[in-house]
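Positions are given from 1, in the same order as the sequence printed here. Just so you know, these numbers use all the heavy atoms, side chains as well, and skip hydrogens, waters and symmetry mates.
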Amino acid sequence: MSDSIASAIIGLVGAVVGGGISALTNYLISKNTLNQYKQEKSWEVRREAYSTIINGLTLAKNQALNILEGYDPHPDDWCASDRYHEIKGKMFENLKISYNAFQKNRLFLSNDFIKKYEAMRDKMNDDTNSFPPEIDENVSNTLQEKVPLLEALAQAGIQ
C-alpha cells in the first residue's frame, strides 16, 4: 500500500511540476509575443507619422518654389492672381497636414526631429515685418534648406 501511495504522490508531483513548467513557458512566450507586437506597432506609428510629415513638407516645398517662379516678370500681377492664391492655399494646406501629424505623433518622434521641425516653423514664421515676395522667399528658402535634413532624420528614426 505504501508503494501505491508513493507512486500516486510521485505522479501528482510530476503533474503539478509539469503543469507549472508548461504555464511558465506559455506565460514567457505570450509576454515575448506581446513585446514584439508593441515594438512593431510603435514602428508602424513612427513610420506613418514621419511619412505624413515629410510628404506634406515636400509638397509644400515644391509649391513654394512654384510661387517664387511666378514672380517673374510681373510680381504685382502675380500676387493678385488667382493662381498665386491657389498655389499658396495648397501650400498652407500641406503645411497644416504636416503640422497636424507632427502634433498628433509627437511622442513617437525623435528629439532631434522635434527640435529641427520647430526651428523650421519658427524660421518660416519670422517674417512679421515682411511683404511678398520676401515672405514667400523666406518660406521657400527655409523649406528648401530644412526638408532634406528632416527627411534624413525621419529615415534614421524608422530604421
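- Rounded to the nearest 0.5 Å, atoms CZ (F113) and CD (E151) are 10.0 Å apart.
- Linking ILVMFWY residues whenever their side-chain heavy atoms come closer than 4.5 Å, directly or via other members, places V139 and F92 in the same cluster.
- Placement of M120 and F102 within a single hydrophobic cluster is found when ILVMFWY residues are connected by side-chain heavy-atom separations under 4.5 Å, directly or transitively.
- Between the CD1 atom in I67 and the CD atom in E86 there is a gap of 10.5 Å [rounded to 0.5 Å].
- We find the CG-CZ distance between N111 and R106 to be 9.5 Å, quoted to the nearest 0.5 Å.
- When the side chains of ILVMFWY residues are joined at heavy-atom separations under 4.5 Å, either directly or via intervening members, V45 and L153 end up in two distinct hydrophobic clusters.
- Put simply, the side chain of D126 never gets that close to the backbone of D122: no donor and acceptor are under 3.5 Å apart.
- For the atom pair CD1 of I158 and CZ of R46, the computed distance is 8.5 Å after rounding to the nearest 0.5 Å.
- To the nearest 0.5 angstrom, I114 atom CD1 is 11.5 Å from L150 atom CG.
- The minimum heavy-atom distance linking M91 with A64 is given by the pair SD-CB, 3.7 Å.
- One N or O on the side chain of Q144 and one on the backbone of K61 form a donor-acceptor pair closer than 3.5 Å.
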Identify all side-chain donor-acceptor contacts of residues 49-58 below 3.5 Å with residues at least two apart in sequence or on another chain.
from : atom 1 : to   : atom 2 : distance (Å)
Y50  : OH     : S110 : N      : 2.9
S51  : OG     : R47  : O      : 2.8
T52  : OG1    : E48  : O      : 2.9
T52  : OG1    : E48  : OE2    : 3.4
T58  : OG1    : I54  : O      : 2.8

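- Applying the side chain to side chain donor-acceptor pair (under 3.5 Å) test to pairs two or more places apart or on separate chains, those with a residue in residues 64-80 are Y71-D136.
- Residue F108 is not grouped with residue Y99 when hydrophobic side chains (ILVMFWY) are merged at heavy-atom distances under 4.5 angstrom, including chains of intermediate members.
- Closest non-hydrogen pair, Y84 versus C79, comes out as CD2-O, 3.4 Å.
- Other residues, nucleotides and ligands contribute more than 12 heavy atoms inside 6.0 Å of the NZ atom of K123.
- Here the side chains of H85 and K88 are not in contact, with every heavy-atom distance at 4.5 Å or above.
- Atom OG of S140 is separated from atom CD of E145 by 11.5 Å, given to the nearest 0.5 angstrom.
- Across all non-hydrogen atoms, the minimal contact from N138 to M124 is ND2-O, 3.3 Å.
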